[in-house]
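Reminder, nothing fancy here: chain letters follow the sequence lines and each chain counts from 1.
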2 protein chains.
Amino acid sequence: MPKKIPKKTIQRVLIYHRYLTFLLQQGTRDISSKSLADILETTPSQVRKDLSCFGRFGKSGSGYDVLELRDLIGKRLGFEKLRKVCIAGMGNLGVALAGYRGFEDLGLTIQAVFDSDPKKINRKFDGLVCRDIKEIAPVVKKNQIDMAVLTVPAGSAQEVARRLENAGIRAILNFTPVKLTLSSRVKVSNVDLAVELKTLSFFIR
Amino acid sequence: MPKKIPKKTIQRVLIYHRYLTFLLQQGTRDISSKSLADILETTPSQVRKDLSCFGRFGKSGSGYDVLELRDLIGKRLGFEKLRKVCIAGMGNLGVALAGYRGFEDLGLTIQAVFDSDPKKINRKFDGLVCRDIKEIAPVVKKNQIDMAVLTVPAGSAQEVARRLENAGIRAILNFTPVKLTLSSRVKVSNVDLAVELKTLSFFIR
DNA sequence: TAGATTGTTAATCGATTAACAATC
DNA sequence: TAGATTGTTAATCGATTAACAATC
């Protein structure tokens, strides 16, 4: 029974992983929780606690082997199993995400993009032919896509989300300001850019 | 001495504000913490606790006046004072954010955009002439811009952030995967899209 | 051995939820 | 008055930090 790992831990560990990759390129072989914490502005306790969720791979007195730690995190976080993702809504944000380098390193690959605008359908975006939103179900099934990024206009968010659900999508990263109503089998994570920026502004008033 | 308000509270209250605006358009006059909680998938206790940070404006027995509550939140969260924002880095993501409708409602306005690519400098993006990153200091000062969105490539993130700091920017919304090193006077908030997507994937493994 | 650093348990801190007297 | 709902205090839950025995 693997104990439940908090979302915040996952996020931090992904950052550790990224930094370990950098250290590796630099040729650094070993690192302590203290050094890692200093660089990433957290505490050694936090680092050790986070890592302890995934096993014990440190050496008392000398810290962690960079390569070993990085690979083990990768394994635990499922970097080896490639996740196929689609993007629904090829407006500015959809296009930006389709062209975003930085997903591959994490074992994520954009496999299909959708829009409802005839001017966009059949056009190529970063090597991917844009398909009609109406074709979500067959395309998702055929390509075994299991995640989606939702970047359609607010007005069609709920409807498109439902299509994604019906197509068998298991997780949606929702960039619309709409509270999606879906079966609990679909995991939804909201990214609200306007709220992020406004929240930041509050703290400098 | 106004007690410190948690970031999470601010974020939720911004969502309440957005929903109250919607209710207002619908013609709904009153709402209880219970109804608000049901719609936004939280608890009445959470709603009341959050609102209590900003004052007491509910009526026992009948709930809140939608218009009054919305306006008071707006006032407390500083919607009336327009915040000027600039975007550094007009790649896909910068362009997407420059064209993003949804900031204005929150009292945020994109006032300038910057890039270092001669092909982009002097080009217009959503009505704004792109300026050279080297001109950040004068442009920011002249326009009294106090926040920035950082969407440059990782390699120049730290350098551009330092320019923003020197120009007097007080807050940066950082979309790069770089841990910025700046004076503590600059408030930095990180949005890591790759980490968001990967974290989501972890929970459907 | 002495020094450093781990993994884990206990203590602390903060955020969410429940409970309830006050009140419209 | 009876019913509903507030604002706030107390209880609970979860996450972070500190402490330390174990160990390389």
Side-chain angles (χ1 to χ4, degrees), chain A residues 1-16 19-20 23 28-70 72-73 76 190 195 199 202-203, chain B residues 1-16 19-20 23 28-70 72-73 76 190 195 199 202-203:
Chain A
M1 42 165 190
K3 63 183 165 310
K4 192 196 161 293
I5 299 173
K7 182 173 166 175
K8 282 196 159 186
T9 294
I10 306 287
Q11 294 185 329
R12 279 191 301 263
V13 171
L14 284 167
I15 304 291
Y16 304 161
Y19 189 67
L20 289 166
L23 286 177
T28 307
R29 291 290 166 97
D30 298 284
I31 190 141
S32 66
S33 57
K34 172 84 171 61
S35 317
L36 215 43
D38 286 348
I39 294 150
L40 302 173
E41 285 180 352
T42 175
T43 63
S45 283
Q46 181 74 271
V47 171
R48 294 203 298 277
K49 181 105 225 190
D50 286 340
L51 295 179
S52 76
C53 293
F54 300 96
R56 56 212 80 165
F57 20 72
K59 280 168 280 303
S60 295
S62 66
Y64 304 87
D65 180 290
V66 176
L67 178 61
E68 190 183 306
L69 179 57
R70 191 193 76 120
L72 209 48
I73 291 176
R76 293 281 188 279
N190 302 296
V195 165
T199 302
F202 181 79
F203 290 104
Chain B
M1 44 166 191
K3 61 184 167 311
K4 192 195 161 296
I5 299 173
K7 183 174 165 173
K8 282 196 160 187
T9 293
I10 306 287
Q11 294 185 329
R12 279 191 302 263
V13 171
L14 284 168
I15 304 291
Y16 303 161
Y19 188 68
L20 290 166
L23 285 177
T28 306
R29 292 289 166 96
D30 299 284
I31 190 141
S32 66
S33 58
K34 172 83 171 61
S35 318
L36 216 43
D38 285 347
I39 293 149
L40 302 173
E41 284 180 356
T42 174
T43 63
S45 282
Q46 181 75 271
V47 171
R48 295 203 298 276
K49 182 104 220 186
D50 285 341
L51 295 178
S52 77
C53 294
F54 300 97
R56 57 212 79 164
F57 19 74
K59 279 168 280 304
S60 296
S62 66
Y64 305 87
D65 179 291
V66 176
L67 179 60
E68 190 182 306
L69 179 57
R70 192 194 75 122
L72 208 50
I73 291 176
R76 293 282 187 280
N190 302 296
V195 165
T199 302
F202 180 79
F203 290 103

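B:Ser45 comes within contact range of at least one nucleobase, with a heavy-atom separation under 4.0 Å. Residue B:Arg48 is classed as a base contact, given a heavy-atom separation below 4.0 Å to a base. Using a 4.0 Å heavy-atom criterion, one finds that A:Ser33 contacts the sugar-phosphate atoms exclusively. Across all strands, A:Pro44 comes closer than 4.0 Å to no nucleic acid atom at all (heavy-atom distances).
Summarising the local packing, NZ of A:Lys34 is surrounded by 12 or fewer heavy atoms from other residues, nucleotides or ligands at distances under 6.0 Å.
Candidate nucleotides D:dT5, D:dT16, D:dG7 were compared by shortest atom distance to the side chain of A:Lys49, and D:dT16 ranks first. Across D:dT16, D:dA22, D:dT6, the shortest atom-to-atom separation from the side chain of A:Ser60 is found for D:dA22. Comparing D:dA15, C:dG7, C:dT17 by their nearest atom to the side chain of B:Gln46 picks out C:dT17.
The backbone N or O of B:Leu20 lies less than 3.5 Å from no partner atom in the side chain of B:Arg70, so there is not a single donor-acceptor pair. At least one donor-acceptor pair under 3.5 Å links the side chain of B:Thr199 to the backbone N or O of B:Val195.
Following rounding to the nearest Å, B:Lys59 (NZ) and C:dC24 (C1') show an atom-to-atom distance of 10 Å. Rounded to whole angstrom, the span from the CD atom of B:Gln11 across to the P atom of C:dA15 amounts to 12 Å. Rounded to whole Å, the distance from NZ on B:Lys4 to P on C:dG14 is 9 Å. C:dG7 atom C1' lies 18 Å from atom NZ of A:Lys34, rounded to whole Å. One can place CZ of B:Phe57 at 12 Å from P of D:dT6, the figure rounded to the nearest angstrom. The NZ atom of A:Lys8 sits 14 Å away from the P atom of D:dG14 (whole-angstrom rounding). One atom, CG of B:Leu51, and another, P of C:dT16, lie 14 Å apart when rounded to the nearest Å. Across the protein-nucleic acid pair, A:Asp30 atom CG and C:dA4 atom C1' stand 13 Å apart, rounded to whole Å.
Shortest non-hydrogen contact noted between A:Thr9 and A:Cys53 is CG2-SG, 4.2 Å. Considering all non-hydrogen atoms of both residues, B:Tyr16 and B:Val47 come closest at OH-CA, 3.6 Å.
Across all strands shown, C:dA4 is found opposite D:dT23 as a Watson-Crick or G-U wobble partner, with both distances under 3.5 Å. Judged by Watson-Crick or G-U wobble contacts below 3.5 Å, the nucleotide D:dC13 has C:dG14 as its partner.
Each of A:Ser62 and A:Asp50 was assigned the nucleotide of DNA chain D with the nearest heavy atom; the assignment lying further toward the 5' end belongs to A:Asp50.
Put simply, A:Tyr64 has a side-chain N or O that comes within less than 4.0 Å of OP1 or OP2 on C:dG7. The shortest distance between the side-chain N/O atoms of A:Ser52 and the OP1/OP2 oxygens of C:dG7 is not below 4.0 Å.
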